[in-house]
Amino acid sequence: MKIFLVGGALRDRLLQRPVSDHDWLVVGATPEEMVARGYLPVGRDFPVFLHPETREEYALARTERKSAPGYRGFTVHAAPDVTLEQDLARRDLTVNAIALPAELVSADGHFDPTPATLADPFHGQRDLRDKVLRHVTDAFREDPVRILRVARFAARFDDFSVAPETMALMREMVAAGEVDALVAERVWQELSRGLMETRPSRMFKVLRECGALAVLLPELDGGTQTTMAVIDASARLQASLAVRFACLMRNESVKQLQQVCDRWRVPVDIRELAEVVAREHGHIDGSDALDATGLVRLLERCDAFRKPARFAEALLACECYARGRPGSGDAPYPQRERLLAVLATAAAVVTDVVAKAAQQSGATGPKIGEAIHQARVEAVAASLSARA
């Protein structure tokens with residue numbers, strides 16, 4: 001039984017980037033041996049175990065054979081006779097197919113890899129030096145999720161290029177219909193992770209070049225440079241995933257947005273913010289021209305009184321657009337600060353007092369709501385007048 005550190009930890013250390021997770025590979029062991037040593041089995045599709053003390057994942061070396069279309073269409077072979085090189089050969093990219101013996105990793109997780117100590121049968125170190133994302137073997141074509149992973153890595157390592165032969169292989173996979181078999185949850189997982197990378201526009205560039213974007217997100221296949229610049233601006237501003245998705249979908253109709261969210265099962269909170277931005281961004285951008293009544297109606301349509309945090313994110317999405325579009329020069333966006341101040345003023349109205357006074361004057365139902373609305377308008381109007 002031999003244990004190796006593999007994958008992203010080595011890649012990131014060789015790139016002098018922070019290392020977050022350790023992935024461990026076990027060669028020459030059976031599931032029964034792992035359990036006997038105290039490891040906890042957790043893998044559903046293949047043998048993965050949690051270390052009894054560190055709780056880090058340890059996977060048995062395995063090979064995979066394509067048996068059906070799509071992400072789960074594999075027959076897995078995990079046995080003591082599977083070699084380290086055989087396991088590395090099934091991985092997606094050469095930069096992720098490097099291994100280091102576990103005995104060279106200290107108890108606190110520190111390691112200092114050198115060419116002499118690394119197992120690198122597919123020249124991942126060379127591709128790291130040359131800044132190239134290259135598939136390991138032709139087995140890459142068996143898993144369509146790998147197209148999304150390459151695009152996501154292109155967004156993270158924004159100075160890397162995709163090897164021409166890898167791009168050609170991805171185009172073949174798209175043409176063969178492999179992307180059509182992807183499950184919604186996995187597509188959203190990869191897209192959302194790519195949106196949170198350093199330069200998310202590169203993910204969509206790679207997907208467009210290989211033809212996958214026309215299958216996965218046809219609404220964006222003819223997307224403008226402006227949209228790509230805006231989502232990169234959202235990354236520079238370290239916006240949340242919900243804001244970045246809203247920036248991506250800002251110029252789509254609400255109907256198109258809903259189709260995308262239904263197709264990829266986008267989480268409800270992310271979907272709702274994107275709908276607010278798609279519907280109201282024009283009114284938010286032009287809010288300087290609104291009077292007190294118009295401003296309060298805008299807040300009501302955005303449900304800002306009940307969900308002020310979401311409204312703040314909608315304003316940030318609009319600011320990303322203003323600052324990210326080509327030629328903007330990273331322009332300021334005073335609408336955001338002004339509307340937050342307007343919300344604070346209107347929200348300071350004590351609605352219980354207003355409602356009680358309205359009831360005492362005989363108002364019921366919608367009339368009470370109208371009284372609250374009017375009180376907020378008057379508060380905002382007084383605030384605007386004081387600033388003028």
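Residue numbers run from 1 in the order of the sequence given.
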**OP:** Kindly indicate, with the supporting measurements, whether the criterion salt bridge (Lys or Arg N to Asp or Glu O under 4.0 Å) is fulfilled by D285 and R325.
**Re:** CA-CA 14 Å; D285 291 343; R325 66 184 188 275; over 6 Å; no
So for atom [atom1], which belongs to [X], do other residues, nucleotides or ligands contribute more than 12 heavy atoms lying within a distance under 6.0 Å?
X: E165; atom1: CD; value: yes
X: E103; atom1: CD; value: yes
X: D159; atom1: CG; value: yes
X: R265; atom1: CZ; value: no
X: E337; atom1: CD; value: no
X: R126; atom1: CZ; value: yes
X: R387; atom1: CZ; value: yes
X: Q225; atom1: CD; value: no

Side-chain heavy atoms under 4.5 angstrom apart, residues restricted to Ile, Leu, Val, Met, Phe, Trp, Tyr: same cluster for [X] and [Y]?
X: L84; Y: F49; answer: no
X: F157; Y: V136; answer: no
X: V354; Y: V296; answer: no
X: V95; Y: L25; answer: no

Original post:
What class does the angle between the rings of W24 and H22 fall in, given that below 30° is parallel, 30 to 60° is tilted and above 60° is perpendicular?
Top reply: parallel
Between [Y] and [X], do the side chains contain a donor N or O and an acceptor N or O under 3.5 Å apart?
X: H283; Y: E280; value: yes
X: Q189; Y: R186; value: yes
X: E313; Y: S240; value: yes
X: T166; Y: H135; value: yes
X: N96; Y: R11; value: yes

If only atom types and distance count, is the side chain of [X] paired as donor or acceptor with the main-chain N or O of [Y] below 3.5 Å?
X: R202; Y: F160; result: yes
X: R376; Y: H373; result: no
X: R244; Y: L195; result: yes
X: R193; Y: W188; result: no
X: D120; Y: I98; result: no
X: Q374; Y: A371; result: no
X: R236; Y: R199; result: no
X: D130; Y: V132; result: no
X: S287; Y: I284; result: yes
X: T54; Y: H51; result: no

Original post:
Checking side chain to side chain contact (heavy atoms under 4.5 Å, CB included) for the pair L50/E56: CA distance, chi angles, key distance, verdict?
Top reply: CA-CA 5 Å; L50 295 183; E56 291 184 319; over 6 Å; no
Original post:
When you measure from the centre of the six-membered ring of F140, is the NZ or CZ of R149 under 6.0 Å away and within 45° of the axis?
Top reply: no
Answer whether the closest heavy-atom distance between the side chains of [X] and [Y] falls below 4.5 Å.
X: M170; Y: V162; value: yes
X: P52; Y: L40; value: no
X: L339; Y: L298; value: yes
X: L217; Y: R263; value: yes
X: L88; Y: R91; value: yes
X: V27; Y: M1; value: no
X: V35; Y: P31; value: no
X: L315; Y: Q335; value: no

**OP:** Taking the six-membered ring for Trp and the single ring otherwise, decide whether the centroids of F245 and W264 are under 6.0 Å apart.
**Re:** no
Subject >> Within the 6.0 Å centroid threshold, strictly below: Y39 and Y58 >> reply: yes
**OP:** Give the minimum heavy-atom separation between A292 and V377, together with the two atoms involved.
**Re:** CB-O, 3.6 Å
Original post:
Where do D92 and R146 land on the salt bridge (Lys or Arg N to Asp or Glu O under 4.0 Å) test, with the steps shown first?
Top reply: CA-CA 6 Å; D92 52 3; R146 290 175 171 178; 5.3 Å; no
Original post:
Salt bridge check: are K131 and D127 linked by an N-O gap of less than 4.0 Å?
Top reply: no
**OP:** Run the salt-bridge test on E178 and R141 with the 4.0 Å N-O cut-off and return the result as yes or no.
**Re:** no
[X] side, atom [atom1]; [Y] side, atom [atom2] - distance, nearest 0.5 Å:
X: L128; Y: L10; atom1: CG; atom2: CG; result: 10.0 Å
X: R297; Y: T293; atom1: CZ; atom2: OG1; result: 5.5 Å
X: I231; Y: E197; atom1: CD1; atom2: CD; result: 12.0 Å
X: C247; Y: E319; atom1: SG; atom2: CD; result: 10.0 Å
X: C210; Y: E172; atom1: SG; atom2: CD; result: 12.0 Å
X: Y321; Y: S234; atom1: OH; atom2: OG; result: 13.5 Å

**OP:** Quick one: do D158 and T198 satisfy side-chain hydrogen bond (donor to acceptor under 3.5 Å, both in side chains)? Show the steps, please.
**Re:** CA-CA 7 Å; D158 60 347; T198 306; 5.9 Å; no
Subject >> Stepwise side chain to side chain contact (heavy atoms under 4.5 Å, CB included) check, L216 with L148 >> reply: CA-CA 10 Å; L216 300 172; L148 290 164; 3.7 Å; yes
Subject >> Worked check of side chain to side chain contact (heavy atoms under 4.5 Å, CB included) between L237 and R323 >> reply: CA-CA 10 Å; L237 292 173; R323 294 176 62 174; 3.6 Å; yes
**OP:** Let me see the working for D262 and R271 under salt bridge (Lys or Arg N to Asp or Glu O under 4.0 Å), right down to the final yes or no.
**Re:** CA-CA 9 Å; D262 288 344; R271 173 182 184 142; 2.7 Å; yes
Original post:
Step by step, would you call E272 with R310 a salt bridge (Lys or Arg N to Asp or Glu O under 4.0 Å)?
Top reply: CA-CA 9 Å; E272 288 181 347; R310 190 183 71 183; 3.4 Å; yes
**OP:** Using the side chain to side chain contact (heavy atoms under 4.5 Å, CB included) rule, take T63 and D87 through it: C-alpha gap first, then chi angles, then the decisive distance, then the call.
**Re:** CA-CA 6 Å; T63 58; D87 183 275; over 6 Å; no
